[in-house]
Amino acid sequence: MNMDIESIFPIIAQSARLDWFDYGVASINRTGAFIACAIMACWALAAIPKKAFFWVALACSAVLMCFLIQTQSRGAFVSLAVSFCAFLFLSKLRISKTRAAALALFCVAAVLYSTHVGFSKRMTSMVTLQSSAANCRAEIYLSGLKMLTDAPNGFNDVESPVEMYHRWYQALDNGHRFLDMINSHLEFMCKHNVPLKLAYVFLWTLALCISFPRRGDIFCAAAFSTLLCFFCTAIFTHTENFWVLWIIPLAMLAGAAAVNRRRFAEAGFWAAELAAFSAAVLALCAVSALLPRDAKLKFTGDAVYVGNAEGGKRFLIFCPNPKVLGSKYGKELALFLGNAGGYATVSDKYDGREYSTIAFSGEYDRKRIPDMLAEKFLFLNAPPPNEEDSKKLPSGKIEAVLGDISDWRNKMRWRETAEDNPAIDLKILPGVADYVPEWTRLLDSGKKSPD
């Protein structure tokens with residue numbers, strides 16, 4: 001007879017698969033995070049002097065592990081493994097031969113059950129880099145780290161971090177769309193300004209320092225490991241935006257703060273907190289600055305600056321339109337400047353500088369045309385300037401590139417404008433609608449548009 005948990009304990013098996021918090025398709029990760037923190041919190045029972053409570057903690061962990069494996073949340077499982085190793089090291093828990101055998105049996109049973117439900121295959125695919133979900137997470141996490149120094153003031157007044165990731169960092173052949181950065185830490189720090197970034201790092205290091213155990217303190221070791229587990233789960237998914245997941249970590253933090261209340265008056269404690277905070281900030285800045293980029297990026301409230309400003313041609317992408325330039329026009333521009341060199345400003349405002357090329361796409365403020373200085377004015381499926389304004393531009397400096405199946409009224413206006421001004425170089429791209437392919441190749445005034 002084929003007996004498994006579904007046939008023996010149908011209620012447990014069904015409840016393990018439930019969306020416990022009714023939080024949509026991503027709730028398995030949040031459920032997994034909650035269970036992982038609960039498992040770590042269980043080991044606070046081992047602080048009770050009676051030996052029986054070790055077995056109570058182990059039994060509770062075994063039951064909760066069944067639920068955790070059912071969620072198949074890899075991030076929660078990795079977070080639990082890291083935090084449990086930290087607990088064993090910091091708690092100095094006495095591990096007799098009997099206890100060691102029980103822990104080994106617990107691990108073997110978890111592996112066997114993981115294999116039974118297919119969870120081990122998911123873990124293997126992640127470790128061997130065969131999981132598209134894990135690889136996409138790695139890409140978005142690395143991009144989020146770059147944003148910390150590319151946009152120190154965040155994107156709160158511009159767009160959400162994930163939208164900037166899609167536009168400026170995501171690989172061109174990666175079509176995955178995300179609702180957030182899939183990482184609570186990066187979601188918060190990429191969105192907000194420097195003071196809030198620093199406050200966030202300070203509070204997390206403070207919480208870990210408060211709960212950090214003195215030698216052999218089992219309860220504080222469990223509290224520290226629970227907070228560490230929650231911290232790690234927030235690396236793998238977006239957990240900090242759901243209040244239920246804060247209950248266990250904050251309860252353990254409160255307990256640790258009560259146990260370690262005397263350390264708040266110690267200068268050594270605050271020195272350790274300052275050292276941990278400084279080390280964390282310096283590590284984040286160093287990693288963010290050293291990560292390779294297609295081209296240097298700097299985000300401000302009014303513009304994005306791309307490339308090396310020291311030399312090369314300067315380009316202005318004025319009022320960029322994603323329908324014309326593509327939803328990843330930032331990534332295309334960074335790749336182009338990384339290979340060809342030069343410097344570009346992407347903005348809805350004109351700063352009064354002279355550029356090699358000013359590119360217009362879609363609608364723009366026509367009143368600014370007479371004030372602009374450039375060797376070349378490039379119009380990509382954009383409406384023509386007013387007749388008087390077009391005559392004020394230097395001869396031979398206007399190039400219009402239109403798709404032959406784009407707005408026919410715009411093409412008709414351009415043809416009329418070109419008849420009145422022979423200096424206009426009008427190109428009609430066959431088979432092209434609103435989006436202009438390889439538009440970055442048209443920026444360089446020394447290169448002609450494709451036929």
Side-chain angles (χ1 to χ4, degrees), residues 33 36-48 78-95 141 144-145 148-149 152 183-190 192-236 239-240 245-291:
C37 290
I39 292 174
M40 285 313 313
C42 285
W43 285 95
L45 296 172
I48 300 175
V78 171
S79 301
L80 176 62
V82 171
S83 57
F84 190 71
C85 290
F87 170 75
L88 291 178
F89 177 77
L90 295 172
S91 65
K92 306 298 181 182
L93 190 66
R94 292 182 179 179
I95 305 297
Y141 297 163
L145 287 172
L148 296 180
T149 50
N183 181 315
S184 288
H185 307 305
L186 292 177
E187 179 74 20
F188 183 90
M189 289 197 293
C190 289
H192 297 292
N193 56 26
V194 172
L196 287 176
K197 285 179 172 67
L198 295 177
Y200 184 85
V201 176
F202 178 83
L203 290 175
W204 260 114
T205 54
L206 179 62
L208 293 173
C209 285
I210 289 173
S211 60
F212 194 82
R214 299 184 188 275
R215 184 177 181 86
D217 188 335
I218 296 176
F219 176 81
C220 287
F224 176 85
S225 300
T226 302
L227 285 166
L228 179 62
C229 183
F230 184 53
F231 178 88
C232 291
T233 61
I235 295 175
F236 293 98
T239 57
E240 291 183 352
L245 300 181
W246 285 93
I247 294 175
I248 295 175
L250 288 180
M252 296 298 289
L253 176 61
V259 172
N260 295 326
R261 59 186 179 277
R262 293 183 179 179
R263 65 174 54 173
F264 292 115
E266 298 175 0
F269 167 76
W270 294 107
E273 158 60 13
L274 180 60
F277 167 71
S278 302
V281 171
L282 290 175
L284 283 172
C285 292
V287 171
S288 178
L290 293 175
L291 284 173

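Because the structure is predicted, anything quoted here is derived from the model rather than measured.
- Closest of all the heavy-atom pairs between T239 and S184 is N-OG, 2.9 Å.
- Side-chain contact between M189 and L148 is present, with at least one heavy-atom pair separated by less than 4.5 Å.
- Nearest heavy-atom pair, A222 versus T226, reported as atom, atom and distance to 0.1 Å: O-OG1, 2.7 Å.
- Of all heavy-atom pairs spanning R263 and F269, the tightest one is O-CB, 3.2 Å.
- The CG atom of L203 sits 11.0 Å away from the CG atom of L208 when rounded to the nearest 0.5 Å.
- Considering only residues two or more places apart in sequence or on other chains, R214 meets the salt bridge (Lys or Arg N to Asp or Glu O under 4.0 Å) condition with E266.
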Full working for side chain to side chain contact (heavy atoms under 4.5 Å, CB included) between F87 and I218: CA-CA 8 Å; F87 170 75; I218 296 176; 4.1 Å; yes
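- The line from CG of N260 to CZ of F219 is 9.5 Å long, rounded to the nearest 0.5 Å.
- Taking each heavy atom of S288 and T149 in turn, the nearest pair found is OG-OG1, 2.6 Å.
- Residues C229 and C37 share a closest heavy-atom pair of SG-N, 4.0 Å.
- No donor-acceptor pair closer than 3.5 Å links the side chain of H185 to the backbone N or O of V201.
- With a 4.5 Å cut-off on side-chain heavy atoms, L284 and K197 do not count as touching.
- L228 contributes atom CG, which lies 9.0 Å from atom OG of S211 (distance to the nearest 0.5 angstrom).
- How far SG of C42 is from CD1 of I248: 8.0 Å, rounded to the nearest 0.5 Å.
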Can you list, pair by pair, the side-chain donor-acceptor contacts under 3.5 Å of residues 271-279, counting residues two or more places apart and other chains?
unit_1: E273; atom_1: OE1; unit_2: T205; atom_2: OG1; d: 3.4
unit_1: E273; atom_1: OE1; unit_2: L206; atom_2: N; d: 3.2
unit_1: E273; atom_1: OE2; unit_2: T205; atom_2: OG1; d: 3.0
unit_1: S278; atom_1: OG; unit_2: L274; atom_2: O; d: 2.8

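- The CG atom of L145 sits 7.5 Å away from the SG atom of C190 when rounded to the nearest 0.5 Å.
- N183 places a side-chain N or O within 3.5 Å of a backbone atom of I235 that can act as its donor or acceptor partner.
- Results of the ring-ring contact (aromatic ring centres under 6.0 Å, His included) test with F84 over W43, F89, F224 single out W43 as the only residue that passes.
- A pairwise comparison of heavy atoms in A36 and L80 identifies O-CD1, 3.8 Å as the closest pair.
- Interatomic distance, NE2 of H192 versus CG of L198, reported as 13.5 Å (0.5 Å rounding).
- Ring planes of W246 and F230: perpendicular class, angle over 60° (limits at 30 and 60°).
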